[in-house]
Amino acid sequence: MPEPVDAVEMRTALTGLRRTSGLPVAFGGLLSDTRHARIAELDGARTGALRGLVISAGSGLGGKAIALARPCAVTDYPVSRHISHEYDTAVAAEGLRSVVAVPVVVRRTVRGVLYGALRTPVSLGDRTFDAAVAAARDVEQALAVRDEVRELLALTRQQVAAAGPGAAPGAWEDVREAHRELRALVPRVADPALRDELLAVCGRLASASGARATPAAAREVRLAPREVDVVACVAAGATNAATARQLGLRPETVKGYLRSAMRKLGAHTRLEAVVAARRAGLLP
């Protein structure tokens with residue numbers, strides 16, 4: 001079953017599509033397997049006729065978009081000769097006429113479909129078409145981030161398992177790099193459950209090295225999340241400019257976070273800040 005990003009990101013994208021395009025109705029859902037998508041989110045619908053509808057690849061407008069992996073549109077859905085009509089009953093119940101369907105494609109694989117629609121039979125212009133494509137791209141980016149997080153979490157668990165007593169000298173460096181990468185992903189994750197899982201794993205990584213941290217040290221140091229992110233990048237040897245690129249921040253902002261973190265850690269140099277953060281259990 002699709003994870004919460006289906007509800008979170010699809011709903012956000014549909015709201016954005018209606019706002020930017022002026023279309024009164026938007027709906028969509030992710031694929032449950034390689035050939036079927038379930039309409040899970042509706043925005044602007046007057047009925048529940050479309051909710052839960054399972055779209056098969058090649059069937060109807062959305063199925064055509066899934067099969068071809070490209071956007072498709074019709075000016076008047078009920079009478080269009082360019083699509084099959086398995087879903088006419090639900091479409092008619094909602095009163096839809098002019099419809100655009102855009103596939104959600106991640107790594108060349110169709111992962112979902114997003115629709116925008118009018119209740120009048122008019123040709124959709126480029127502005128509307130572009131807005132629908134942009135909304136689908138937003139969902140694609142969210143799914144790509146989720147995939148990256150899942151892959152990195154799996155790799156991190158393997159690295160932690162390998163970084164036990166007698167591990168190779170570079171094993172903990174791998175764990176530290178994974179910690180930095182995971183923290184950099186947190187602000188890009190909209191799904192609250194996945195974000196909490198990321199932060200929990202980061203916390204476990206920070207204390208997994210056997211830590212010289214003491215409860216007193218942990219209580220004495222309270223860094224903001226972005227301050228930890230910056231110090232983690234510094235620990236990996238990144239310059240302020242590289243840290244800014246990795247975290248999507250301005251170099252001046254990075255400097256501000258680093259100065260604040262160093263002050264809280266009682267550090268006078270970047271190296272001292274890293275050592276103090278590790279002693280406080282904030283970094284692995």
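Any value given below was found using the heavy atoms of this structure, including those in side chains, with hydrogens, waters and symmetry copies removed.
Take T15 and apply the side-chain hydrogen bond (donor to acceptor under 3.5 Å, both in side chains) test, not counting sequence neighbours, and it matches D43. By the side-chain hydrogen bond (donor to acceptor under 3.5 Å, both in side chains) test, D126 is found to be paired with no residue, residues two or more places apart in sequence or in another chain being considered. Contacts of V110 classified as side-chain contact (heavy atoms from CB on, under 4.5 Å), with partners at least two apart in sequence or in another chain: L31, I66, A69, P103, V105. Shown here are the side-chain hydrogen bond (donor to acceptor under 3.5 Å, both in side chains) partners of R137, two or more places apart in sequence or in another chain: E140. With sequence neighbours excluded, the residues that form a side-chain hydrogen bond (donor to acceptor under 3.5 Å, both in side chains) with R183 are D229. In terms of the salt bridge (charged side-chain N to carboxylate O under 4.0 Å, His left out) criterion, R263 has no residue partners (sequence neighbours excluded). Evaluation of the side-chain contact (heavy atoms from CB on, under 4.5 Å) rule for T128 yields S21, L23, L124 as partners, not counting sequence neighbours. The salt bridge (charged side-chain N to carboxylate O under 4.0 Å, His left out) test applied to K264 returns E227, not counting sequence neighbours.
The CZ atom of R38 lies 11.5 Å from the CD1 atom of I55; values are rounded to the nearest 0.5 Å. Separation of atoms CG (L68) and CZ (R70) is listed at 4.5 Å; rounding is to 0.5 Å. Taking OG1 of T243 as the reference point, atom CG of L258 lies at 8.0 Å (rounded to 0.5 Å). Taking CZ from R146 and CG from L198, the interatomic distance works out to 12.5 Å, rounded to the nearest 0.5 Å. To the nearest 0.5 angstrom, Q246 atom CD is 11.0 Å from L185 atom CG. Here T109 contributes atom OG1 and L143 contributes atom CG; the two are 11.5 Å apart, rounded to the nearest 0.5 Å.
Using a cut-off of 4.0 Å between Lys/Arg side-chain N and Asp/Glu carboxylate O, R278 and E272 are scored as not salt-bridged.
Pairing each heavy atom of S84 with each of G60, the nearest pair is OG-N, 2.8 Å. Closest of all the heavy-atom pairs between A90 and L53 is CB-CD2, 4.1 Å. The minimum heavy-atom distance linking L114 with M10 is given by the pair CD1-SD, 4.2 Å. Looking at every heavy atom in both residues, G28 comes nearest to L14 through N-CD1, 4.0 Å. Closest approach of G44 and V25 over heavy atoms only: O-CG2, 3.9 Å. V231 approaches A261 most closely through the heavy-atom pair CG2-CB, 3.7 Å.
Contact of the D147 side chain with the R111 side chain is registered, since non-hydrogen atoms from C-beta on lie closer than 4.5 Å. The shortest side-chain heavy-atom distance between Y77 and L96 does not fall under the 4.5 Å cut-off. A heavy-atom distance below 4.5 Å is not found between the side chains of C72 and V100. Here the side chains of R226 and L247 are in contact, with some heavy-atom distance below 4.5 Å. Taking the side chain as every heavy atom from C-beta outward, T12 and D138 never approach each other to under 4.5 Å.
The hydrophobic clustering, which links ILVMFWY residues whose side-chain heavy atoms are closer than 4.5 Å, places F129 and V122 together.
Within the structure, every pair that satisfies the ring pair (Phe, Tyr, Trp, His ring centres under 6.0 Å) test and touches residues 18-67, not counting sequence neighbours, is listed here: F27-Y115. Sorted by first and then second residue, the ring pair (Phe, Tyr, Trp, His ring centres under 6.0 Å) pairs involving residues 87-111 (not counting sequence neighbours) form an empty list. Residue pairs that meet the side chain to side chain donor-acceptor pair (under 3.5 Å) test with at least one member in residues 93-106, sequence neighbours left out, are T47-E94, D76-R97, E94-R119. A ring pair (Phe, Tyr, Trp, His ring centres under 6.0 Å) check over residues 233-284, counting only residues at least two apart or in different chains, returns nothing.
A donor-acceptor pair under 3.5 Å is formed between the side chain of S80 and the backbone N or O of H82. Between the K64 side chain and the A73 main chain, no donor and acceptor come within less than 3.5 Å of each other. A donor-acceptor pair is defined here as one N or O able to donate and one able to accept, closer than 3.5 Å; no such pair exists between the side chain of T253 and the backbone of L249. S56 contributes no side-chain N or O that, together with a main-chain N or O of S59, makes up a donor-acceptor pair within less than 3.5 Å.
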May I have the step-by-step check of salt bridge (Lys or Arg N to Asp or Glu O under 4.0 Å) for R107 and E151, ending in yes or no? CA-CA 14 Å; R107 297 179 182 178; E151 291 168 4; 2.8 Å; yes
The test is side-chain contact (heavy atoms from CB on, under 4.5 Å); show your working for I83 and H85 and say whether it passes. CA-CA 6 Å; I83 60 172; H85 290 272; 4.0 Å; yes
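A 6.0 Å sphere centred on CZ of R18 holds more than 12 heavy atoms belonging to other residues, nucleotides or ligands.
Residues N240 and R270 have side chains that bring a donor and an acceptor to within less than 3.5 angstrom of each other.
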